[in-house]
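Just so we're on the same page: letters track the sequence lines, and every chain starts at 1.
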Protein chains: 2
Amino acid sequence: MTEPPPRRPRADARRNRDRLLAEADVVFRQEGTDAPLEGIARRAGVAIGTLYGHFPNRRALVGSLLRERNQALFDHGQELLTSSSPQQALIRWVYAVVEHAAAYQGLAAVLADGLGDQESELHASCVHMTEISDQLIASARAAGALRQDVTGADIFALMNAAAWTRDHMPPEQADRLVALTMDGMLTLAPSRNTTAKQDRSQNP
Amino acid sequence: MTEPPPRRPRADARRNRDRLLAEADVVFRQEGTDAPLEGIARRAGVAIGTLYGHFPNRRALVGSLLRERNQALFDHGQELLTSSSPQQALIRWVYAVVEHAAAYQGLAAVLADGLGDQESELHASCVHMTEISDQLIASARAAGALRQDVTGADIFALMNAAAWTRDHMPPEQADRLVALTMDGMLTLAPSRNTTAKQDRSQNP
DNA sequence: ACCTGAACACCGTTCAAGT
DNA sequence: ACCTGAACACCGTTCAAGT
């Protein structure tokens with residue numbers, strides 16, 4: 001009934017938690033989100049039980065790891081909303097999220113599953129991603145740059161499918177999929193066949 | 001140096017192999033390609049060692065399971081090549097392969113990885129899928145129905161990405177992704193926004 | 001309050017012994 | 001020639017004992 005008194009953690013516990021997150025990022029980047037947790041604990045200099053003390057399961061670890069990064073992504077999305085070209089804004093948003101969702105092999109699946117799963121640590125983030133997509137869509141549609149029936153869920157699906165494609169095909173293939181699909185959705189394509197390259201050159 | 005004399009297998013061995021394949025199909029449909037092999041062996045009424053005697057690893061089992069089914073799919077693709085509308089033919093091909101690649105959870109990844117991996121039991125099948133896609137593309141392009149820069153690899157990527165989407169999102173979402181992307185590629189869209197429904201109604 | 005690491009469960013894979 | 005199932009390896013997860 002009463003608020004649980006939020007105590008500040010012991011200094012060594014805080015340090016362990018931080019190192020676990022840092023090493024998890026390194027290992028997940030190399031081996032994907034299915035990498036053995038034992039290796040992460042060892043690299044962080046703690047026993048496996050300590051890892052489980054801080055993160056009850058793998059999803060919680062991945063979730064904590066992404067929470068900060070997600071905030072930066074959402075801020076970028078907000079900025080794009082006030083951008084001059086709603087069409088370019090939507091294109092940049094999609095490539096930014098694909099980049100984000102391809103950080104670790106297997107992450108796209110965690111995100112895609114997270115949208116429909118209330119229990120997922122990333123559920124709120126996935127909903128927010130879809131909402132930002134919806135806002136960018138509304139704005140592009142108002143400018144007459146987008147066909148009428150495209151939804152935020154469509155964009156969310158495309159972004160995750162493209163991130164998945166990165167893990168299983170040659171590097172350019174995912175960008176080609178995005179470019180082709182976006183060309184189908186955008187009614188005022190900036191210049192056919194170059195959607196991806198345009199964005200890339202402005203996003204070094 | 002000399003040809004290995006191809007002996008016909010013992011009757012019980014043949015029966016065990018067949019039952020293993022049949023049960024693997026059932027289990028993979030329910031639990032995906034990562035389902036425990038022990039369960040498949042038990043259902044087939046044999047010990048786990050027997051399964052490994054017939055199939056050296058999981059990929060070999062999945063590969064054998066798909067070889068027959070793939071043949072039917074390729075035959076269908078050949079038929080479509082002589083079809084009256086190259087545009088409709090390409091659309092139907094894509095939906096047929098998505099259906100095929102979504103039969104088991106995790107199958108899309110096996111196929112996508114198989115295209116670039118010579119060692120994969122499904123490598124030849126993946127190459128063939130891409131080739132048929134290339135032929136259908138050439139034919140649609142000759143009819144002026146397709147933009148110039150679309151490749152068989154693009155179609156292969158789309159089909160697998162859509163199959164993956166089936167495993168991780170609401171059922172319609174994968175079809176919407178396909179429809180939106182195909183609309184971007186087809187220059188003579190039969191009627192915008194209804195690409196998926198059209199095909200579906202003719203493919204009950 | 002937090003950490004340790006042995007212990008248990010589960011599953012992939014191998015192989016010596018059987019028929 | 002083929003089958004059996006115990007044995008080993010690997011990894012996720014828990015928890016009693018320590019500090």
- [ ] Name all residues meeting the side-chain contact (heavy atoms from CB on, under 4.5 Å) criterion together with B:Tyr52; count only those two or more places apart in sequence or in a different chain, and write none if there are none.
- [x] B:Leu37, B:Ile48

Task: Any A:Asn57 side-chain N or O less than 4.0 Å from OP1/OP2 of D:dT13 - done: no

Open item on the list: Nearest whole Å is fine: how far is D:dG12 P from A:Arg59 CZ?
Closed with: 16 Å

- [ ] Can you run through DNA chain D from 5' to 3' and write each base as (, ), [, ], | or . depending on how it pairs? Watson-Crick or G-U wobble, both distances under 3.5 Å.
- [x] ||.|||||...|||||.||

Task: Whole angstrom value for the distance that separates P of C:dC2 from CD1 of A:Ile48 - done: 18 Å

TODO: Please identify each residue that fulfils ring-ring contact (aromatic ring centres under 6.0 Å, His included) with B:Phe28, with sequence neighbours left out.
DONE: B:Tyr104

Every protein N/O within reach of nucleotides 15-19 of chain C N/O, cut-off under 3.5 Å:
none

Task: Selection from D:dT4, C:dG12, D:dG12 that lies nearest to any side-chain heavy atom of A:Pro36 - done: D:dG12

Task: Between D:dG12 (C1') and A:Arg42 (CZ): distance, integer Å - done: 14 Å

- [ ] Take the protein atom CG of A:Asp12 and the nucleotide atom P of C:dC2, then report the distance between them rounded to whole Å.
- [x] 8 Å

Task: Contacts of type side-chain contact (heavy atoms from CB on, under 4.5 Å), residue A:Ala108, not counting sequence neighbours - done: A:Asn160, A:Ala163, A:Trp164, B:Trp164

Open item on the list: Tell me every residue that passes side-chain contact (heavy atoms from CB on, under 4.5 Å) with A:Asp154, counting only those two or more places apart in sequence or in another chain.
Closed with: A:Val150, A:Thr151, B:Gln173, B:Arg176, B:Leu180

Task: Partners meeting salt bridge (Lys or Arg N to Asp or Glu O under 4.0 Å) with B:Glu172 (sequence neighbours left out) - done: none

Open item on the list: Considering only residues two or more places apart or on different chains, which pairs with a residue in residues 46-55 of chain A satisfy salt bridge (charged side-chain N to carboxylate O under 4.0 Å, His left out)?
Closed with: none

Open item on the list: Short of 4.0 Å, heavy atom to strand atom, which residues of residues 17-35 of chain B count as contacting DNA chain C?
Closed with: B:Ala35

Task: Within residues 128-139 of chain B or reaching into it, pairs that qualify as side chain to side chain donor-acceptor pair (under 3.5 Å) - sequence neighbours excluded - done: B:Trp93-B:Ser133

Open item on the list: If we check salt bridge (charged side-chain N to carboxylate O under 4.0 Å, His left out) with A:Asp12, which of these qualifies: A:Arg14, A:Arg15, A:Arg10?
Closed with: A:Arg10

Open item on the list: I need the CD-C1' distance between A:Glu38 and D:dA9, as an integer number of Å.
Closed with: 14 Å

Task: Value in whole Å for how far the C1' atom of C:dT13 lies from NE2 of B:His54 - done: 16 Å

Open item on the list: Please enumerate all residues that pass side-chain contact (heavy atoms from CB on, under 4.5 Å) together with A:Ser83, with sequence neighbours excluded.
Closed with: A:Ala89

Open item on the list: Any donor-acceptor pair under 3.5 Å linking the side-chain atoms of A:Asn16 with those of A:Thr50?
Closed with: no

- [ ] Could you check how far CG of B:Leu51 sits from P of C:dT14, rounded to whole Å?
- [x] 12 Å

Open item on the list: Does anything in residues 20-30 of chain A form a salt bridge (charged side-chain N to carboxylate O under 4.0 Å, His left out)? List the pairs, not counting sequence neighbours.
Closed with: A:Arg19-A:Glu23, A:Glu23-A:Arg43, A:Asp25-A:Arg29, A:Asp25-A:Arg69

- [ ] Take atom CG of B:Leu37 and atom P of D:dG5, then tell me their distance rounded to the nearest Å.
- [x] 17 Å

